[in-house]
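Structure incoming, see below.
For the numbers below, each heavy atom of this structure counts, side chains included, while hydrogens, waters and symmetry mates do not. Predicted model only: the values in this text are computed from it and were never measured.
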Amino acid sequence: MASSLPVCRLSVWGRASLLRCSRRADTIIHRRVETNTTAARTESTRRDENALSEETNGRRCLHTLLVERQEQAERSVLISCQSGVSEKRFLKFLSKHGDIKKYFFYESYGFNAVVEFASRDGVASLLETATIPAVNHESLVPFKSRLLSLRNLSSGDSNPPPGLQCQPQSTVPINELIQRLSKEESIDQQIISLTEEYQITDENSRLRFLVCSLLKDVAAAYFPECTIKPFGSSVNGFGKLGCDLDMFLDLDSISGLNVKMPKSGFFMEYRMKRANSERAVTQSVLSVIGECLDHFGPGCVGVQKILNARCPLLRFVHQPSGFQCDLTANNRVAMKSTELLYLYGELDPRVRHLVFTVRCWARAHGITSSIPGAWISNFSLTVMVLFFLQKRNPPIIPTLDHLRELAGPADKSVIEGNDCTFVSDFTKIQLRRNTESLELLLNEFFEFYATFPFSRMSVNIRKGKEQNKPEVAPLHIQNPFETALNVSKNVNATQLERFVALCQESSWLLQQSETNAPKRDGAGGAFTPWGLSTLLLPSQVTGIKTRKRRKREPASERIKSLLESLKNQSQRKSS
């Protein structure tokens with residue numbers, strides 16, 4: 001009898017909270033109906049047009065990618081495994097419940113496996129056999145989810161299996177990356193290799209969507225038709241392994257929002273609680289879900305409710321995946337920004353290659369940081385790369401205004417008064433012929449911003465040309481959709497000066513005649529950094545205050561210093 005009490009208490013609390021929280025959804029359901037109704041009416045048309053377009057050009061729009069990943073996540077489970085588990089026996093056990101479409105192992109607080117079944121029936125069958133742990137049952141929260149632990153009652157395998165191949169979930173150390181790049185035959189190949197090393201893998205992407213799906217199961221106790229979607233670097237094509245997982249709780253998809261009103265007669269509507277503002281509703285929703293994740297969400301630790309920020313959010317760590325997570329509610333403008341960056345990345349492969357390279361270079365020199373402060377953000381850097389590519393002759397990518405001109409009725413999007421319209425059909429975008437190499441573009445990028453008139457002009461990808469700065473700030477980068485905002489307002493003059501000085505130095509390094517081929521330092525020694533790899537070495541411009549070009553000696557000393565470091569590491573390993 002005692003063992004049933006925790007379940008009873010949780011059930012009563014859940015029903016009461018569900019009643020209280022569902023009443024708060026009234027404002028969300030009814031806010032800005034004209035905007036959401038327009039978007040909903042055109043969504044099916046847009047999907048059909050995109051599907052036809054993808055058949056002809058082989059490129060998928062972001063919506064198609066999201067739907068595919070979300071469906072995979074709904075058919076998947078996340079399993080904590082004991083060390084030494086037999087992969088063969090593991091698969092044989094799971095296959096009893098249904099066909100397995102894909103699986104992989106990774107490490108985060110132990111060994112873990114992501115398993116995707118061919119259908120949701122496989123997941124349901126597996127969950128039917130799962131049990132609540134028998135030990136200390138009184139202290140356990142009996143919340144059932146698709147986050148499971150594999151237990152083995154056998155004494156063990158007679159022949160221990162070889163080590164499981166785990167998929168990487170983070171990037172290689174910078175010194176190891178420098179050595180890998182130094183082996184490449186050209187700077188173009190170095191840039192491509194860096195992208196391949198840093199970009200989010202297929203497995204890592206699946207894990208991110210699965211985490212969103214697991215968290216949605218928690219939120220669905222309050223809002224059964226809600227979804228939780230990743231946005232930002234996790235899905236825009238510019239994210240690196242190990243980046244944070246940004247998510248938003250989407251309540252706009254709740255059915256009944258866009259039901260046609262009858263011209264006469266009776267109709268029914270839900271009674272809901274009203275709040276003072278949409279922001280108040282968002283804060284209430286996130287507060288309650290934050291409490292639920294903190295007390296009942298398996299694997300969610302360190303939950304912080306940052307509700308007074310400009311965009312209220314929950315911040316926590318999802319231990320089974322190892323992701324630092326930020327959850328917001330109905331962040332629709334951010335999703336449009338994600339879609340825009342994804343589109344630009346799909347238009348020309350050089351876009352992603354250049355963004356990855358510049359971001360890696362910036363992180364190596366402390367231009368960007370994961371700690372809030374006066375640093376340039378990854379988003380700002382990405383916009384700067386896009387702006388530079390729009391300024392090429394001929395342009396490599398079109399301006400946002402041009403993408404808006406190409407948009408059809410199904411693409412129309414107005415969010416909170418901001419025009420977020422741009423074309424989604426790739427076949428409508430005709431690109432100019434530009435064949436510039438990655439090496440040239442990288443060098444020209446550094447030259448471009450080493451001489452950019454930051455004191456007077458701002459970066460604007462809507463127009464694709466410099467604009468007079470509307471405010472006094474060292475760096476002004478216009479938000480693509482919320483055009484009154486400066487996405488780099490936090491950047492101070494010192495950080496901007498460092499960025500300019502590093503651009504000057506990096507441009508000079510790429511032009512050096514001796515940095516054009518891979519070579520070893522002695523027989524069997526480490527490769528001498530050259531080309532792109534020299535740009536990732538420690539810089540000498542930390543405290544620079546001028547825009548004069550650097551002399552050659554400091555860069556040579558940097559290369560010598562790194563070679564000594566690599567030699568010492570090699571000697572320590574051999575000993």
Side-chain angles (χ1 to χ4, degrees), residues 169-178 194-195 197-200 204 208 231-234 236 238-247 302 304 306 309-311 313-318 322-328 334 337-338 341 354-387 445-446 449-450 452 454 459 473-477 479 485-506 532-533 535-545 558 562:
Q169 301 298 311
S170 61
T171 56
V172 298
I174 190 67
N175 277 0
E176 184 177 339
L177 175 66
I178 289 172
L194 183 147
T195 304
E197 288 287 344
Y198 266 50
Q199 67 187 354
I200 291 176
N204 191 264
R208 289 171 185 271
F231 69 93
S233 294
S234 293
N236 65 19
F238 299 111
K240 75 167 187 174
L241 280 173
C243 69
D244 293 350
L245 175 56
D246 295 317
M247 305 168 285
Q304 303 175 58
I306 310 174
R310 177 178 173 271
C311 182
L313 62 93
L314 300 176
R315 178 165 292 165
F316 56 93
V317 173
H318 187 260
F323 293 139
Q324 171 74 51
C325 301
D326 285 351
L327 176 65
T328 59
S337 296
T338 299
L341 295 189
L354 201 58
V355 168
F356 270 102
T357 302
V358 171
R359 281 188 176 187
C360 179
W361 165 82
R363 190 59 181 266
H365 295 295
I367 295 174
T368 58
S369 174
S370 58
I371 304 173
W375 296 276
I376 300 175
S377 69
N378 277 329
F379 181 73
S380 293
L381 277 176
T382 302
V383 175
M384 293 174 79
V385 172
L386 297 177
F387 181 72
F445 172 86
F446 292 128
Y449 284 110
F452 190 86
F454 288 109
V459 173
L475 177 61
H476 189 280
I477 301 175
N479 187 300
L485 299 180
N486 174 13
V487 301
S488 57
K489 192 171 185 177
N490 62 300
V491 180
N492 61 28
T494 300
Q495 292 299 320
L496 179 59
E497 288 171 359
R498 288 194 66 247
F499 171 76
V500 172
L502 284 163
C503 284
Q504 293 171 345
E505 183 187 48
S506 298
L532 173 58
S533 57
L535 306 188
L536 306 181
L537 301 176
S539 174
Q540 302 296 315
V541 302
T542 303
I544 200 164
K545 296 291 184 181
R558 287 164 50 198
L562 181 78

Contact between Leu381 and Phe499 at the side-chain level, heavy atoms closer than 4.5 Å - yes or no?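 A side-chain contact under 4.5 Å exists here.
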At what distance, to the nearest 0.5 angstrom, does CD of Gln324 lie from CZ of Arg315?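 The distance works out to 6.0 Å.
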Step by step, would you call Thr171 with Arg363 a side-chain contact (heavy atoms from CB on, under 4.5 Å)? CA-CA 13 Å; Thr171 56; Arg363 190 59 181 266; over 6 Å; no
Out of curiosity, Thr382 OG1 to Phe379 CZ, how far, rounded to the nearest 0.5 Å?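 Thr382 atom OG1 to Phe379 atom CZ measures 7.5 Å (nearest 0.5 Å).
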For the rings on Trp361 and Phe445, is their centre-to-centre separation under 6.0 Å?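 Ring centroids of Trp361 and Phe445 are no less than 6.0 Å from each other.
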When you measure from the side chain of Ser488 to the backbone of Ser380, do you find a donor-acceptor pair of N or O atoms at a distance under 3.5 Å?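 Side chain of Ser488 to backbone of Ser380: no pair is present.
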Stepwise side-chain contact (heavy atoms from CB on, under 4.5 Å) check, Leu177 with Glu197: CA-CA 8 Å; Leu177 175 66; Glu197 288 287 344; 4.3 Å; yes
Using a 3.5 Å distance criterion without hydrogens, assess whether the side chain of Thr338 forms a donor-acceptor pair with backbone atoms of Gly232.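 Side chain of Thr338 to backbone of Gly232: a pair is present.
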Less than 4.5 Å apart, any side-chain heavy atom of Phe387 and any of Tyr449?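 A side-chain contact exists here, since the closest heavy-atom pair is under 4.5 Å.
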What do the steps show when you test Ile367 against Gln495 for side-chain contact (heavy atoms from CB on, under 4.5 Å), and what is the final call? CA-CA 7 Å; Ile367 295 174; Gln495 292 299 320; 5.7 Å; no
Pairwise distance CD1(Ile477) to CG(Leu386) - rounded to 0.5 angstrom: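 One finds 10.5 Å between CD1 of Ile477 and CG of Leu386.
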Is the shortest heavy-atom distance from the side chain of Ile200 to the side chain of Arg208 under 4.5 Å?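 In short, these two side chains touch, coming nearer than 4.5 Å.
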Any donor and acceptor pair, going by atom type alone, linking the side chain of Asn492 with main-chain N or O of Thr494 inside 3.5 Å?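 Checked: pair present.
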Contact check, side chains of Asn378 and Cys243, non-hydrogen atoms, under 4.5 Å: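 Contact flag for Asn378/Cys243 side chains = no.
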What pair of heavy atoms forms the shortest contact from Ala493 to Pro474, and how long is it?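 Looking at all heavy atoms of both residues, the closest pair is N-CG, 3.5 Å.
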Using every non-hydrogen atom in the two residues, find where Val500 and Ala450 come nearest and quote the distance to one decimal.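 The pair with the smallest heavy-atom distance is CG1-O, 3.7 Å.
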Working for side-chain contact (heavy atoms from CB on, under 4.5 Å), residues Leu313 and Asp246: CA-CA 10 Å; Leu313 62 93; Asp246 295 317; over 6 Å; no
Would you find a donor on one side and an acceptor on the other, under 3.5 Å apart, between the side chain of Asn490 and the backbone of Gly373?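 Yes; at least one donor-acceptor contact below 3.5 Å.
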Return yes if some donor-acceptor pair links the side-chain N/O of His365 with the main-chain N/O of Leu535 below 3.5 Å, else return no.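 Such a contact is found between His365 side chain and Leu535 backbone.
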What's the separation between atom OG in Ser377 and atom CZ in Arg359, rounded to the nearest 0.5 Å?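 Separation between the atoms: 8.5 Å.
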Interatomic spacing from SG in Cys360 to OH in Tyr198 - rounded to 0.5 Å: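 The SG atom of Cys360 sits 4.0 Å away from the OH atom of Tyr198.
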For the atom pair CZ (Arg498) and CH2 (Trp375), what is the distance rounded to the nearest 0.5 Å?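 Nearest 0.5 Å value for the CZ-CH2 distance: 10.5 Å.
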